[in-house]
Protein chains: 2
Amino acid sequence: MQIALTAAVRCAECPIRHRAVCARCDDDELSLLEGMKTYKTFKAGQPILWRGDDLVFVASVVQGVAALSKTLEDGRTQMVGLLLPSDFIGRPGRGQIDFDVTATTDVTLCCFDRKPFEKLVDDTPHVAHRLMELALDELDAARDWMLLLGRKTAREKIATFIQMFVRRTHTDEQAAGPDQFNMPMTRDQIANYLGLTLETVSRQFNSLKKEGVISFGDRKTFTVVDMAALHNATGDDADGGMID
Amino acid sequence: MQIALTAAVRCAECPIRHRAVCARCDDDELSLLEGMKTYKTFKAGQPILWRGDDLVFVASVVQGVAALSKTLEDGRTQMVGLLLPSDFIGRPGRGQIDFDVTATTDVTLCCFDRKPFEKLVDDTPHVAHRLMELALDELDAARDWMLLLGRKTAREKIATFIQMFVRRTHTDEQAAGPDQFNMPMTRDQIANYLGLTLETVSRQFNSLKKEGVISFGDRKTFTVVDMAALHNATGDDADGGMID
DNA sequence: CGTGCGGTTGATCCCTTTCAAGGATTGTGG
DNA sequence: CCACAATCCTTGAAAGGGATCAACCGCACG
């Protein structure tokens, strides 16, 4: 269920107010941002930015999921980042990006023109700080993913993916059930994220289902039946290795 | 050939003066840093920091190569970053790191105690800016590596690795020959970086050698015989996709 | 009621891993 | 200076996990 978002939404009531790039801002700073922002929406599957494009705007993801991906000459593609609500697109001091950004689900972005935003970053330490934190969080996530891509088995990849998704989603939206959640990605997109083929993704999902670790009603609605078993299947050590 | 470095080396003469965290500093700022810095050296193979350690110092790599790595419960390990001269260890606002840092070769670090350094970062926009740039560079590198780990074949991985290494090394040190360079890592370390086994690394190296793409005299000294063929073997498109 | 898209399942193949043995190089101590 | 050990590297044979190729299912939608 999506909340209708328009340019009229006030920052103070924004669902990502406390985690996005504006998290540290006081009221004055917030009203500066409020004066600059515009909302853009994208339908599932739509491209948001192409590799090599001039970066005319930067943005926070307000609703939905977007993906960063890279493609080899022969068409093999690999997702190199998943943007959930509060994640940031674009970077100060870079006029271009080196990957494609695509809407995975319907997406709402809170956009700022790049040039004025960069000026604001220079004048507003709170924003600069938060931007740095977000970049470092992304770096941590990227490194976890490198371990997954380089060394984990298909089964471990799937288990890790589900676990990550549950963790990030649970706090984001009020999930319907205890460990139930909605999977907004197709098997093919998941495969591109995990460095697998869609067939392998399907097989591993069904294998975890047969073992009673997860179950799903609709093909897009999962329930984690046995959280401990799921964690066990990730290959990670006890504390999960994830920083909260 | 290593230059002897002691605490007495002046920043103005430092080999990484123009690329490290201090790159943007003016003379005043530089003398502040100069007053804080101490050199530490580590022998090849020595641990520099362990995962979960309290981060008491941050540092720039002055000489040598260090590696960031993560390990699964059962011992599988994956390098998640390679630190060459001018790269930075540690991050503002984080008291801990989530990976091990190990000296791959003999390493010289230019260290700063974390707390005072963080204060300096807050007061010195030039340093904060540069730190942000370095973080974003690392993020770009991490994403290139995710594509490699997730989608490239063993052959492509090796070719990409050599290419990356030649590119970064050539500007760093004046290489002996045109495309000759010194490989400071063992087959095992390379395997951990590329998500392969050491046997596969060995086989692919020798395969590229048989094809006349590279040659090596000493097992640690490579020459790229056919740069175009090497690039062709990376799977990347024409311009290489690497940002300089 | 067909068509298309996403998903499942099966059979086969192949690249990389695994297991194993031997070769090369370096360093150390007698 | 040589013997020996420790590392690092190479090479071969076999096994296996995931990819590939292919057929089919089920649901949404026109």
*Asks:* Sequence neighbours excluded, which residues qualify as side chain to side chain donor-acceptor pair (under 3.5 Å) partners of A:Thr104?
*Replies:* none

*Asks:* Does A:Asp137 have any salt bridge (Lys or Arg N to Asp or Glu O under 4.0 Å) partners at least two apart in sequence or in another chain, and if so, which?
*Replies:*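 A:Asp137 satisfies salt bridge (Lys or Arg N to Asp or Glu O under 4.0 Å) with B:Arg94 once adjacent residues are dropped.
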
*Asks:* Please give, in whole Å, the distance from C:dC15 C1' to B:Arg155 CZ?
*Replies:* 14 Å

*Asks:* For residues 47-88 of chain A, which residue pairs qualify under ring-ring contact (aromatic ring centres under 6.0 Å, His included), counting only residues two or more places apart or in two chains?
*Replies:*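 Non-adjacent pairs meeting ring-ring contact (aromatic ring centres under 6.0 Å, His included): A:Phe88-A:Phe117.
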
*Asks:* Please classify the nucleic acid contact of B:Gly195 as base, sugar-phosphate, or nothing, using heavy-atom distances under 4.0 Å.
*Replies:*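 Contact class for B:Gly195: sugar-phosphate only.
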
*Asks:* Does B:Phe165 have any ring pair (Phe, Tyr, Trp, His ring centres under 6.0 Å) partners at least two apart in sequence or in another chain, and if so, which?
*Replies:*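 Residues passing ring pair (Phe, Tyr, Trp, His ring centres under 6.0 Å) with B:Phe165: B:Phe161, B:Phe181.
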
*Asks:* Using the test side chain to side chain donor-acceptor pair (under 3.5 Å), find all partners of A:Ser86 that sit at least two apart in sequence or belong to another chain.
*Replies:* none

*Asks:* Mind checking which nucleotides bracket the chain B contacts on DNA chain D, 5' to 3', with an atom under 4.0 Å from a heavy atom?
*Replies:* D:dC9 to D:dA13

*Asks:* Identify, with sequence neighbours excluded, every residue that meets side-chain contact (heavy atoms from CB on, under 4.5 Å) alongside B:Ala44.
*Replies:* B:Asp106

*Asks:* Could you list the residues that satisfy salt bridge (Lys or Arg N to Asp or Glu O under 4.0 Å) with B:Lys152, not counting sequence neighbours?
*Replies:*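 B:Lys152 satisfies salt bridge (Lys or Arg N to Asp or Glu O under 4.0 Å) with B:Asp236 once adjacent residues are dropped.
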
*Asks:* Could you give the CD1-to-P distance, from B:Ile158 to C:dC15, as a whole number of Å?
*Replies:* 16 Å

*Asks:* Taking CZ from B:Arg76 and P from C:dT18, how many angstroms apart are they, rounded to a whole number?
*Replies:* 9 Å

*Asks:* Let me have a per-nucleotide readout for nucleotides 3-14 of chain C, 5' to 3', with B, S or -, counting only protein heavy atoms under 4.0 Å.
*Replies:* ----SBBBB---

*Asks:* Salt bridge (charged side-chain N to carboxylate O under 4.0 Å, His left out): which pairs involve residues 195-216 of chain A, sequence neighbours left out?
*Replies:*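 Output for this query lists A:Arg155-A:Glu211.
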
*Asks:* Heavy atoms only: give me the nearest B:Val62-B:Pro85 pair and the separation to one decimal.
*Replies:*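 Nearest pair, atom of B:Val62 first, then B:Pro85: O-CB, 3.5 Å.
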
*Asks:* Considering only residues two or more places apart or on different chains, which pairs with a residue in residues 72-90 of chain A satisfy salt bridge (charged side-chain N to carboxylate O under 4.0 Å, His left out)?
*Replies:* A:Asp74-A:Arg76, A:Arg76-B:Glu156, A:Asp87-A:Arg168

*Asks:* Have a look at the helix from C:dC1-D:dG30 to C:dG30-D:dC1 and give the angle its two end axes make, five pairs each, rounded to 10 degrees.
*Replies:* 30°

